[in-house]
Amino acid sequence: MKKNNKEFTREDFMLFFRDDERLNSLTNDDRIEVFQTILAGSSDITKELLDGILKDYSVPTLKVVEIGKE
């Protein structure tokens, strides 16, 4: 890992994330790692979020079922 005295800010991250050319420099494994770890906690994972992801990625073979709140 390269050490740099400059802080990588939220703005830096968002600029990177919104730049298709830079984002495309990530491998599929990099993207999966970010996807799996970026949310703050379990309360961020909702049926609506998962349904939206499946729709955005055109995945008709999966269905999210909410079994109830405990």
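All residue numbers refer to positions in the sequence shown, counting from 1.
Annotation for Pro60 and Ser58: closest pair CD-O, 3.1 Å, computed over non-hydrogen atoms.
Atom CZ of Phe16 is surrounded by more than 12 heavy atoms from other residues, nucleotides or ligands within 6.0 Å. A 6.0 Å sphere centred on CG of Asp56 holds more than 12 heavy atoms belonging to other residues, nucleotides or ligands. More than 12 heavy atoms of other shown residues, nucleotides or ligands fall within 6.0 angstrom of atom CZ in Phe8.
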Step-by-step side chain to side chain contact (heavy atoms under 4.5 Å, CB included) determination, Arg31 to Leu23: CA-CA 9 Å; Arg31 291 168 180 244; Leu23 190 60; 4.0 Å; yes
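For Asp51, the salt bridge (charged side-chain N to carboxylate O under 4.0 Å, His left out) partners two or more places apart in sequence, or in a different chain, are Lys47.
In this structure, the side chains of Leu49 and Asp44 stay at 4.5 Å or more apart for every pair of heavy atoms. Looking at heavy atoms from C-beta onward, Ile53 lies in side-chain contact with Phe35 at the 4.5 angstrom threshold.
Once rounded to the nearest 0.5 Å, the distance linking CE of Met14 with CG of Asp19 reads 12.5 Å. Between the CZ atom in Arg10 and the CG atom in Leu15 there is a gap of 9.5 Å [rounded to 0.5 Å]. The NZ atom of Lys55 sits 13.0 Å away from atom CD of Glu48, with the distance rounded to the nearest 0.5 Å. Ile38 contributes atom CD1, which lies 4.5 Å from atom CZ of Phe13 (distance to the nearest 0.5 angstrom). Rounding to the nearest 0.5 angstrom, the gap separating the OG1 atom in Thr61 from the CG atom in Leu54 is 8.5 Å.
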